[in-house]
Visitor: 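What follows is a structure written as structure tokens; I'll ask about it next.
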Amino acid sequence: MDIHVLTLFPEMFEGVFGGSILKRAQESGAVRLNTVNFRDFSENKHKKVDDYPYGGGAGMLLTPQPIFDAVASLPVDPEKKTPRIILLCPQGVPFDQAKAEELSKEDQLVFICGHYEGFDERIRQHLVTDEISLGDYVLTGGELAAMVMTDAIVRLLPDVLGKQESHENDSFSTGLLEFPQYTRPVDFRGMNVPEVLLSGNHANIDRWRREQSLKRTWERRPELLKNLELAKGDLEYLLSLDEGFQHKS
């Protein structure tokens, strides 16, 4: 996968892209990460990339020319699918695990990080393919959102985490929150690992983990259950937790 990030502050990405899983993913050839300062493409003699909005109003808007030209300059591989060009903005669809999984199947991604008050509308209408928001709040710029989304996407690529099951049971990947996990020692200051995990009975362990995921989701994020297809055994277990539980398909 090729991921290009258009930003006014490429230095912000050095630590995140240069360490941990993202560093290893680049070294293995699973992904190529490229940051581009779109100020370099400004045709303004002072390298300005923003201007006042027509009609008045507070703040400054990013002008279209530097961003259009920066995207046009990217080393896009013609043998791969046309890149998804993603505008990071509060007006976009919310980013979640399903969106990360969808984008992880792409060959090429382009993130455009905004600053100032917003973007010239022609960038939205004629350049980007997607608008995505990290959440219902406003950041100073799109850089942090691009870092978070890149991390969430790249870890899903084949062999990046070493084992496929490393992310298959992540919270939200199954539609449920992840079950509790334990490691050595068995007894830590009187706090013990559940006996079922020590039993060696994998069927019982799988059932316990499923029930714990259901329980944790019901207690912490019950809205996630509304659109989840649950088996009869799942419903019976949830009813045993709360007689008032009603699954809404």
Side-chain angles (χ1 to χ4, degrees), residues 1 3 15-31 93-106 134-136 145 147-249:
M1 175 183 280
I3 297 180
V16 175
F17 284 4
S20 189
I21 296 297
L22 291 181
K23 179 182 180 182
R24 285 162 44 193
Q26 293 174 84
E27 291 173 344
S28 71
V31 66
V93 298
F95 184 73
D96 56 17
Q97 189 67 20
K99 181 61 70 174
E101 291 170 359
E102 173 193 333
L103 294 175
S104 73
K105 297 176 174 62
E106 296 292 328
L134 196 58
D136 292 339
M147 294 175 197
V148 170
M149 293 182 194
T150 298
D151 184 90
I153 293 164
V154 171
R155 67 188 300 278
L156 298 175
L157 299 179
D159 301 323
V160 167
L161 294 183
K163 294 183 178 179
Q164 188 73 10
E165 59 266 28
S166 294
H167 65 72
E168 285 180 348
N169 291 318
D170 284 345
S171 292
F172 308 111
S173 289
T174 62
L176 299 170
L177 300 185
E178 190 176 12
F179 49 77
Q181 299 203 66
Y182 298 84
T183 187
R184 293 178 177 83
V186 171
D187 182 339
F188 175 66
R189 300 177 183 175
M191 296 174 280
N192 295 308
V193 175
E195 287 291 334
V196 65
L197 298 178
L198 309 175
S199 68
N201 186 321
H202 294 292
N204 286 346
I205 291 171
D206 288 343
R207 182 168 59 253
W208 180 87
R209 286 175 168 170
R210 178 69 177 181
E211 290 176 349
Q212 291 298 307
S213 284
L214 288 164
K215 182 174 186 286
R216 182 161 285 184
T217 305
W218 172 238
E219 292 174 342
R220 303 183 183 188
R221 295 290 304 278
E223 75 278 7
L224 296 176
L225 297 171
K226 292 180 180 179
N227 298 317
L228 192 65
E229 186 174 343
L230 298 175
K232 180 180 178 182
D234 294 337
L235 290 170
E236 290 174 348
Y237 177 73
L238 287 167
L239 286 167
S240 74
L241 295 177
D242 186 338
E243 292 182 0
F245 171 81
Q246 290 184 353
H247 176 61
K248 298 178 181 179
S249 59

Visitor: In a table with atom names and distances, give each donor-acceptor pair under 3.5 Å that connects a side chain of residues 19-26 to protein atoms at least two apart or in another chain.
Guide:
from, atom 1, to, atom 2, distance (Å)
Gln26, NE2, Phe17, O, 2.7
Gln26, NE2, Leu22, O, 3.1

Visitor: So how far is it from Lys226 NZ to Arg221 CZ, rounded to the nearest 0.5 Å?
Guide: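 So the gap between those two atoms works out to 11.5 Å.
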Visitor: Give the minimum heavy-atom separation between Val16 and Met147, together with the two atoms involved.
Guide: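 In terms of heavy atoms, the two residues are closest at CG2-SD, 3.6 Å.
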Visitor: Could you tell me which residues satisfy side chain to side chain donor-acceptor pair (under 3.5 Å) with Lys99, sequence neighbours excluded, listed by chain and number?
Guide: Glu102
Visitor: Within the structure provided, determine whether Leu176 and Leu225 are in side-chain contact (heavy-atom separation under 4.5 Å).
Guide: yes
Visitor: Using modelled atom types only, decide if a donor and an acceptor are shared between the side chain of Ser213 and the backbone of Leu177 within a distance under 3.5 Å.
Guide: yes
Visitor: How far does CG of Leu241 sit from CH2 of Trp218, to the nearest 0.5 angstrom?
Guide: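 Between Leu241 CG and Trp218 CH2, I get 9.0 Å after rounding to 0.5 Å.
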Visitor: Any side-chain hydrogen bond (donor to acceptor under 3.5 Å, both in side chains) pairs touching residues 181-193, not counting sequence neighbours?
Guide: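 Those involving residues 181-193 are Glu178-Gln181.
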Visitor: Quick one: side chain to side chain donor-acceptor pair (under 3.5 Å) partners of Glu106, sequence neighbours excluded?
Guide: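 By the side chain to side chain donor-acceptor pair (under 3.5 Å) rule, Glu106 matches Arg84.
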Visitor: Can you see which heavy atom on Ser104 is nearest to which on Leu157, and at what distance?
Guide: O-CD2, 3.4 Å
Visitor: Between Ile153 and Val31, is there a side-chain heavy-atom distance shorter than 4.5 Å?
Guide: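 Contact flag for Val31/Ile153 side chains = no.
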Visitor: Taking side-chain contact (heavy atoms from CB on, under 4.5 Å) as the test, write out the residues that go with Val196, two or more places apart.
Guide: Pro194, Ser199, Asn204, Ile205, Trp208
Visitor: If the condition is side chain to side chain donor-acceptor pair (under 3.5 Å), which residues does Glu236 pass it with, not counting sequence neighbours?
Guide: none
Visitor: Which heavy-atom pair separates Pro180 from Gln212 by the least distance, and what is that distance?
Guide: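 Minimum heavy-atom separation between Pro180 and Gln212: CD-CB, 3.4 Å.
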Visitor: Could I get the full list of side-chain contact (heavy atoms from CB on, under 4.5 Å) partners for Ala152, not counting sequence neighbours?
Guide: Phe95, Ala100
Visitor: Determine whether Leu214 and Thr217 make a side-chain contact, defined as any pair of heavy atoms from C-beta on separated by less than 4.5 Å.
Guide: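 A side-chain contact under 4.5 Å is absent here.
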Visitor: Show me the pairs that pass salt bridge (charged side-chain N to carboxylate O under 4.0 Å, His left out) and involve residues 193-216, at least two apart or across chains.
Guide: Arg210-Asp234, Lys215-Glu219
